[in-house]
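Each remark here refers to the structure printed beneath this line.
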Number of protein chains: 2
Amino acid sequence: MLSQDTPAPEVLSRRDEILATAADLFWANGYAGTTMSQLASSMNLRKASLYHHIDKKETLLYELSLDSLQRIEAAAEVALGGEAEPLEKLRLLIEAHVVTALSDRSKHATMLTEMRALTTEQREEILRRRDAYDSLVENTISDAQQSGGLRTDLSARLLRLALLNMLNWTIFWFRPDGSFSAEELARTFASLFIDGGSAANGAGRPGQST
Amino acid sequence: MLSQDTPAPEVLSRRDEILATAADLFWANGYAGTTMSQLASSMNLRKASLYHHIDKKETLLYELSLDSLQRIEAAAEVALGGEAEPLEKLRLLIEAHVVTALSDRSKHATMLTEMRALTTEQREEILRRRDAYDSLVENTISDAQQSGGLRTDLSARLLRLALLNMLNWTIFWFRPDGSFSAEELARTFASLFIDGGSAANGAGRPGQST
DNA sequence: GTCTATAAAGAGATAGAC
DNA sequence: GTCTATCTCTTTATAGAC
């Protein structure tokens, strides 16, 4: 029930196809390092044809960033919508975050790392939504602290930063055909963030069901 | 003894000044998003003057990447050179990594994120050294597992990936004048990686001396 | 909706004076 | 070691035919 796979490719509009291809190129070569010619050629088009679908290169970056934010916001809403205990909610949120981000890798990574290339207005809108998402994570952590599930000697803010650090850098090395599945990584990160790496915290480590 | 501050700025050669300025611009705007004109103007030069010091733009990226790798390799050597227990060595390595990376932020971040812009030969050399560094971290983790300090239900490789995830993403939000010092973050990450975030692993959490 | 052709600007890099 | 001037190539984007 965590799996948010990409929508069936057949349903993609031409514009969505362009956004997806742009995301792949931007993530591989950087926004400024990708040319409209490369994008056109990746879609078997001439570059002038792209301008029938979008007005400027910047628009591509802005819209694919919005796409990825909307996807992860929706996934977080589902994860937090249930009846679970605070610490279990955090676990569900971590898993939703990792699985969603990695199933939408190029867009998500580009959104996270290429904000500098947006116009001021675009960047402000993206930042506003990113901040809202960060607050969601931080509040979930805060709830888990108040319920006695998480340590309170570190602020919710610092715990949120450390957690998202661990989750987000995965985009730099994750490969869908690699040694670890997104679900496996999600469970590992949740366990490490909560239980830590020490052998003292549970020896053989029977695990938490999942 | 962990502090590896930047060398006194007065000692920088013109070439090193250019590398440092290039690193700041590359990290702010991306490698492809930075022009030689911008770099020249940041140094109060005309762009032709830069070519007296370097042959090509690519060289800047390669050399600043090497600089940052050499710095962090040296810091790791110092951290691991002592007599400490395996788990304590890991703690020292984590602190050296974070403090060194954050004191050399633009170069380190550019090295980590702009490898794609290097030529094949340059990229292979940088990758070789990054892999060697990763092995150093992984072996330190492995030693701590064998000494009974770290859990063994996760592979040393997976633990290394999760740890470096948590440490490396810090470059995206760290501000030298922000709420947290590099040393504070280093200690926090070490504690979180080893002890975890759970309130169950030590309640009030007296802390581990540092 | 895609094409050919082209405009206008800016890129990396070099020549040669001082 | 820095400058002015310039070459050559590529960039984003538009015009207008099909």
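Reckoned from all heavy atoms, side chains included, excluding hydrogens, waters and symmetry mates. Every chain is numbered from 1 and lettered A, B, ... according to where its sequence line falls, protein lines coming before strand lines.
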Q.
If I take atom CG in residue B/Leu25 and atom P in nucleotide C/dA11, what distance separates them, rounded to the nearest angstrom?
A. 13 Å
Q: Look at B/Ser49 and D/dG1 and indicate whether a side-chain polar atom (N or O) is within less than 4.0 Å of OP1 or OP2.
A: no
Q. Under the 6.0 Å and 45° cation-pi test, does B/Lys57 pair with B/Tyr31?
A. yes
Q: Please determine if A/Glu114 and A/Arg116 form a salt bridge, counting it only when a charged side-chain N lies under 4.0 Å from a carboxylate O.
A: yes
Q: Can you tell me the distance, in whole Å, between the NZ atom of A/Lys57 and the P atom of D/dA13?
A: 8 Å
Q) Taking only N and O in the side chain of B/Arg14, is any of them less than 4.0 Å away from OP1 or OP2 of D/dG1? A) no
Q. Atom CE of B/Met36 and atom P of D/dT8: how far apart are they, to the nearest Å?
A. 20 Å
Q: Could you tell me whether A/Glu85 and A/Lys89 make a salt bridge, using a distance below 4.0 angstrom between a side-chain N and a carboxylate O?
A: no
Q.
Assuming nearest nucleotide by heavy-atom distance, tell me which of A/Asp55 and A/Thr35 is located more 5' along DNA chain D.
A. A/Thr35
Q | Whole-Å gap separating C1' (C/dC3) and CG (A/Asn44) | A | 14 Å
Q) With a 4.0 Å cut-off on heavy atoms, is A/Lys56 in touch with a base, just the backbone sugar-phosphate, or nothing at all? A) sugar-phosphate
Q: Consider the side chain of B/Ala48, meaning its heavy atoms from C-beta on, and name the nucleotide among D/dC3, C/dG12, D/dT2 that approaches it most closely.
A: D/dC3
(Q) Please determine whether a side-chain nitrogen or oxygen atom of A/His53 lies at a distance below 4.0 Å from atom OP1 or OP2 of C/dT2. (A) yes
**Q.** Nearest to side-chain heavy atoms of A/Leu45, which nucleotide of C/dT2, D/dA15, C/dG12
**A.** C/dT2
Q.
Quick check for you: to the nearest 0.5 Å, what is the distance between B/Glu121 atom CD and B/Glu125 atom CD?
A. 11.5 Å
Q | Residue-phosphate contact under 4.0 Å: A/Tyr51 side-chain N/O, D/dT14 OP1/OP2 | A | no
Q | Distance, rounded to the nearest Å, where A/Asn29 contributes CG and D/dT11 contributes P | A | 12 Å
Q: Select one nucleotide: of C/dT4, D/dT12, D/dT4, the one nearest the side-chain heavy atoms of B/Arg46.
A: D/dT4
Q. Side chains of A/Leu161 and B/Trp169: does their closest heavy-atom pair fall under 4.5 Å?
A. no
